Number of protein chains: 2
Amino acid sequence: MLFHFRDKFPQLNPYWDKYLEFQQRLEVPAKTILLYEGKISQNYIFVEKGCVRAFFNNNGDDKTIQFFFENEGLFSVDSFVNNIPSVFSIETIEPSVIYLLPREYVTQLMAELSAEPDFLQIVLKMFTQRQTHYINEFVSFIRDTPEQRYNNLLVERPHIVLRVPQHYIASYLGVSAVHLSRIKSKLAKGKLHF
Amino acid sequence: MLFHFRDKFPQLNPYWDKYLEFQQRLEVPAKTILLYEGKISQNYIFVEKGCVRAFFNNNGDDKTIQFFFENEGLFSVDSFVNNIPSVFSIETIEPSVIYLLPREYVTQLMAELSAEPDFLQIVLKMFTQRQTHYINEFVSFIRDTPEQRYNNLLVERPHIVLRVPQHYIASYLGVSAVHLSRIKSKLAKGKLHF
DNA sequence: CCGTAACGATAACATATGTTATCAAGTTTA
DNA sequence: TAAACTTGATAACATATGTTATCGTTACGG
C-alpha cells in the first residue's frame with residue numbers, strides 16, 4: 001500500500017520543503033533493498049533519480065506490485081501508519097538517488113499539515129486518486145487479457161516498458177516472462193501487416 | 001470505487017442517525033439496478049436486507065467488482081465526489097430493502113463530520129482500510145490461481161459463496177462460469193481422499 | 001580482459017482456461 | 001399448471017499460459 005505525494009498537490013510543497021534538511025541522501029546501485037518484507041517501514045522514500053519497485057516473495061519467485069520513478073515518493077502506508085510488518089519489499093531497479101525521511105519527521109510533518117485549512121479535502125482527493133488507481137489495477141485483471149494489459153501499459157505508461165527489465169513487467173502483469181516474450185513477438189508480427 | 005461506512009466507525013453513527021429521516025426506503029426485487037453505468041451517482045446506498053453487486057459491462061458479458069450485504073453502505077466515490085459518470089452499475093442480487101440518501105444530505109453530513117475533532121484520523125483510517133482491501137484484491141490476481149482465489153473466498157468470505165449465484169462469483173474471480181464449476185468439482189474430489 | 005550473471009528470444013511439452021453445446025433441476029411467471 | 005427463465009454440471013474441443021531448457025547478446029565485476 002503505497003502512495004505518491006510530492007508535486008501532486010503543489011500547495012503542500014512548502015511544508016515538504018521544510019523537511020528537506022532532515023532527509024538522508026542515498027546513492028545506491030541497482031537491486032538495493034530499501035525496505036524488507038516483514039520489517040516495519042521507518043522511512044518515507046523519495047526517488048530523485050532512478051527507479052524502484054515494490055514486490056513480494058511468493059514461493060521463491062517474486063511478484064511486482066508497482067513501479068516508481070523520478071520525483072515520486074512512496075511508503076508502505078499499512079506498515080508505516082499502523083506500525084506493522086510490511087507485506088512487501090522495496091528495491092531499486094536502476095542505480096538511483098534516494099532520499100529517506102525518517103518516521104518521526106513524517107509524523108511531525110503530518111501534524112503541521114493538519115493545520116492547513118483544506119488539508120482534509122486534499123487528503124480525500126489524494127486517497128480517492130490512489131483508490132481509483134488500485135481499483136483500476138484490479139478491474140484490469142478481471143476485464144483484460146494479459147495481452148491487453150501489456151498494450152495498456154505500452155499506451156498509458158510507456159516509460160515503464162522502456163526502462164524496466166521484462167521479467168519484472170511480466171510479474172507485474174501476472175504472467176511468466178516467457179509468455180510476455182510471446183505476447184511481444186505476437187504484437188510485433190501483427191504490426192507487420194500494413 | 002466503493003466503500004462502506006456504517007458500524008465500521010461507531011463513533012460516527014450518531015451523525016449518521018440524524019439523517020435517517022431523509023433516507024428513501026426501497027423494497028425491490030432481485031436484479032433491480034440502483035445505479036446505471038454512465039450515470040452520475042446521486043445517492044449513498046445502504047443495504048438493510050438482501051445483497052447487491054457492483055459490476056460493469058464488458059463487450060456483452062458483465063464483470064463483477066464487489067458484493068455488499070446487510071448493513072453495508074456504498075457509493076461510487078469517483079462518481080459521487082467528482083461528479084463524473086460512474087464506471088459501473090449497481091444492482092440487487094436478491095430481493096432487498098435499500099435506503100438511499102440523496103447527494104445534498106451526504107454533503108451536509110460530511111460538513112458536520114468535519115467538525116468532529118478526530119475526523120481526519122478516521123478518514124485516514126477509513127481510506128487506509130479501503131486501500132488495503134483493493135490492493136489485496138489486485139495482489140491476489142498477481143499471486144494466486146483462480147482456484148486459490150476461490151478457496152480464499154470460501155475461507156474468508158463464505159457468505160458470498162453461499163448466497164451469490166455462481167456466475168457472478170465466476171466473473172468476480174475473473175474466470176468463466178464453466179471453469180468455476182470445474183474448480184468446485186475438483187475441490188470436491190480432493191476432499192474425498194481422507 | 002575474461003568469466004559470470006542478467007536479459008531476452010524461442011522451442012517443446014504439459015496444464016489451465018475459454019467456448020459452445022447439452023442436460024437436469026429449481027424458480028418464476030403468465 | 002405449463003412455459004420460460006435461472007442455475008449449475010459436464011463434455012469436447014480450441015486456445016492461452018506455465019515450465020523447463022537452450023541459445024545469443026549484453027552488461028558488469030574481478
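Bear in mind the structure is a predicted one, so any value in this text is a computation, not a measurement. A note on names: the letters A, B, ... follow the listed sequences, proteins ahead of strands, and every chain is numbered from 1.
In this pair, A:H159 and A:F69 present their aromatic rings perpendicular. The plane angle is above 60°, beyond the 30 to 60° band. Using cut-offs of 30° and 60° on the angle between ring planes, the pair A:Y105 and A:F22 is parallel. The aromatic rings of B:W16 and B:Y44 sit perpendicular, their planes meeting at an angle over 60°, well past the 30° parallel limit.
Under 4.0 angstrom from either OP1 or OP2 of D:dT6 there lies no side-chain N or O belonging to B:H167. A sub-4.0 Å separation between OP1 or OP2 of D:dG8 and a side-chain N or O of B:K184 is absent.
Residue A:K49 is tested with A:E70, A:E72, A:E94 for a salt bridge (Lys or Arg N to Asp or Glu O under 4.0 Å); the sole match is A:E70.
Judged by the 6.0 Å distance and 45° axis criteria, B:R53 is positioned over the aromatic ring of B:Y168.
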Sugar-phosphate or base contact per nucleotide [nucleotides 16-22 of chain C; S, B, -; heavy atom under 4.0 Å]: -BBBB--
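Rounding to the nearest 0.5 angstrom, the gap separating the CD atom in A:E116 from the CD atom in A:Q11 is 7.0 Å.
Atom C1' of nucleotide C:dA6 and atom CD1 of A:I93 are separated by 14 Å, given to the nearest angstrom. The distance between atom CD of B:E94 and atom P of D:dT7, rounded to the nearest whole Å, is 11 Å.
A heavy atom closer than 4.0 Å to some atom of DNA chain D occurs in B:P165, B:Q166, these being the qualifying members of residues 156-166 of chain B.
A salt bridge is defined here as a Lys NZ or Arg NE, NH1 or NH2 lying under 4.0 Å from an Asp or Glu carboxylate O, and A:K63 with A:E37 fails to meet this definition.
Using a 4.5 Å heavy-atom threshold, the side chains of A:V123 and B:F127 count as separate.
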